[in-house]
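Heads up, the thing below is written out as structure tokens.
Lettering follows sequence order; numbering is per chain, from 1.
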2 protein chains.
Amino acid sequence: MKQQRSTRQRQLVLDAVRSRCDHPTADEIYIDVRASDSRISRGTVYRNLALLSDAGEILHVKVPGADRYDLRRGPHYHLLCTSCGAVSDLPMPYDPELDEQVSRATGCAISRHRTIFEGICPSCAEKQEAGE
Amino acid sequence: MKQQRSTRQRQLVLDAVRSRCDHPTADEIYIDVRASDSRISRGTVYRNLALLSDAGEILHVKVPGADRYDLRRGPHYHLLCTSCGAVSDLPMPYDPELDEQVSRATGCAISRHRTIFEGICPSCAEKQEAGE
DNA sequence: ATGGGTGCAAAGTGTTTGCAAGTAT
DNA sequence: ATACTTGCAAACACTTTGCACCCAT
């Protein structure tokens with residue numbers, strides 16, 4: 001991995017991710033960062049998000065549609081509301097035993113697994129009942 | 001859900017998915033279908049893949065990069081080789097109990113979960129050792 | 001000074017969609 | 001006859017990249 005320099009832009013991106021409790025998309029981070037410095041470009045935000053997640057400073061959550069980023073560092077499970085698109089953390093421990101099981105069963109060197117639960121969050125369920 | 005008609009194009013798409021043991025991307029299906037009928041358009045393939053997976057005839061596997069489709073119908077877990085991009089099925093039973101756990105913990109109506117294991121498959125591991 | 005970093009805009013990649021014509025029911 | 005489907009191309013959403021200049025080390 002390349003040597004990382006410390007730049008104002010990189011710091012702004014990192015701060016933007018850390019200042020949010022939800023799971024912002026790259027573009028949401030871009031919007032936030034633009035509020036502090038309107039000259040930062042999308043490319044820079046994308047590049048820095050990639051660098052920071054490679055370095056383990058933030059977590060890259062691969063959700064269909066648009067990838068998201070998370071201030072929590074370790075792997076954990078996520079919940080996606082298929083109605084409103086909100087993503088939230090789940091209070092379940094990551095199970096490394098599964099990775100070992102799969103390693104043994106397949107002969108592959110497993111580095112991790114990603115689990116996303118799909119459902120309808122309570123507020124969306126309400127809206128749907130009201131609407132129909 | 002809309003009423004489904006039976007068309008030659010739809011059948012070709014379904015056959016193409018069923019004739020493969022791997023997990024083709026929409027574009028791979030498109031290539032296959034074009035071999036039988038060179039006038040089918042990408043749009044039609046995408047539309048039919050969506051319709052068929054909505055109808056439960058095939059499974060939509062949401063892998064980062066490009067979505068894939070699977071002739072197996074029920075939900076199950078997948079393995080993604082982060083080096084060559086190959087996707088394969090895992091011989092592990094789907095655990096519906098997890099969905100209930102999350103439902104209880106969050107109050108959301110969980111419909112399913114998707115798990116993707118990431119690792120390096122044996123043949124890629126070999127190549128990497130040889131290359132370095 | 002040197003090599004990574006930045007801004008910009010253009011190009012990619014994967015997917016969806018508006019429309020007029022076609023076709024299964 | 002009706003309304004779902006198709007082919008085509010344009011549009012989309014998200015992300016990456018080439019390039020010339022900039023700046024942290």
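Distances from the side chain of B/Y46 to the nucleotides C/dC19, D/dC4, C/dT16 place C/dT16 closest. For A/R47, the side-chain atoms get nearest to C/dG7 when compared with the rest of C/dG7, C/dA24, C/dG3. Considering only the side chain of B/L51, D/dT5 comes nearest among D/dA24, D/dT5, D/dT15. Side-chain atoms of A/Q9 lie closest to C/dG7 of the nucleotides D/dG7, C/dG7, C/dT25.
Look at CD on A/E28: it is 13 Å from C1' on D/dC14, rounded to the nearest Å. Rounded to whole angstrom, the span from the NE2 atom of B/H60 across to the P atom of C/dG14 amounts to 13 Å. One interatomic measurement links the two molecules: OH of A/Y30 to P of C/dA9, which rounds to 10 Å at whole-angstrom precision. Between the CZ atom of B/R8 and the C1' atom of D/dG7 there is a distance of 12 Å, rounded to whole Å. In this structure, B/I31 places its CD1 atom 11 Å from P of C/dG14, rounding to the nearest Å. One interatomic measurement links the two molecules: CZ of A/R5 to C1' of D/dC23, which rounds to 7 Å at whole-angstrom precision. Between the C1' atom of D/dC23 and the CD atom of A/Q4 lies a distance of 16 Å, rounded to the nearest Å. Rounded to whole Å, the distance from CD on B/Q11 to C1' on C/dT23 is 16 Å.
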**Verdict with reasoning, B/L51 to B/Q4, per side chain to side chain contact (heavy atoms under 4.5 Å, CB included)** = CA-CA 8 Å; B/L51 279 170; B/Q4 274 205 29; 3.9 Å; yes

**Message:** Evaluate B/D67 against B/Y46 for side chain to side chain donor-acceptor pair (under 3.5 Å), listing each step before the verdict.
**Reply:** CA-CA 11 Å; B/D67 289 0; B/Y46 276 91; over 6 Å; no

**Request:** Apply side chain to side chain contact (heavy atoms under 4.5 Å, CB included) to A/D70 and A/V17, showing your working.
**Result:** CA-CA 7 Å; A/D70 188 334; A/V17 174; over 6 Å; no

**Prompt:** Can you list the steps and then say if B/V13 with B/L49 is a side chain to side chain contact (heavy atoms under 4.5 Å, CB included)?
**Reply:** CA-CA 7 Å; B/V13 169; B/L49 286 171; 3.7 Å; yes

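Look at B/D22 and B/R68 and you find no salt bridge, because none of the NZ, NE, NH1 or NH2 atoms lies under 4.0 Å from a carboxylate O. Ion pair B/R72/B/D89 flagged as a salt bridge, since at least one NZ, NE, NH1 or NH2 atom sits closer than 4.0 Å to an Asp/Glu carboxylate oxygen.
Rounded to 10 degrees, the angle between the two end axes of the helix from C/dA1-D/dT25 to C/dT25-D/dA1 is 40°, with five pairs used at each end.
Contacts of B/A50 with the nucleic acid, taken as non-hydrogen atoms under 4.0 Å apart, are absent. The residue A/S6 sits close only to the backbone: its heavy atoms come under 4.0 Å of sugar-phosphate atoms, none of a base.
Side-chain N/O atoms of B/H60 and B/D54 include no donor and acceptor closer than 3.5 Å.
Of the two residues contacting DNA chain D, namely A/D27 and B/N48, the nearest-nucleotide position lying further toward the 5' end is that of B/N48.
DNA chain C is contacted by A/R39, A/I40, A/S41 of residues 35-42 of chain A, taking any non-hydrogen atom closer than 4.0 Å.
OP1 and OP2 of D/dC23 both lie 4.0 Å or more from every side-chain N or O belonging to A/T7.
Listed by chain and residue number, A/R18, A/R73 satisfy the salt bridge (charged side-chain N to carboxylate O under 4.0 Å, His left out) test with A/E57 (two or more places apart in sequence, or in another chain).
The distance between the ring centers of A/H113 and B/Y77 does not fall below 6.0 angstrom.
For CZ of B/R104, the number of neighbouring non-hydrogen atoms (other residues, nucleotides, ligands) closer than 6.0 Å is greater than 12.
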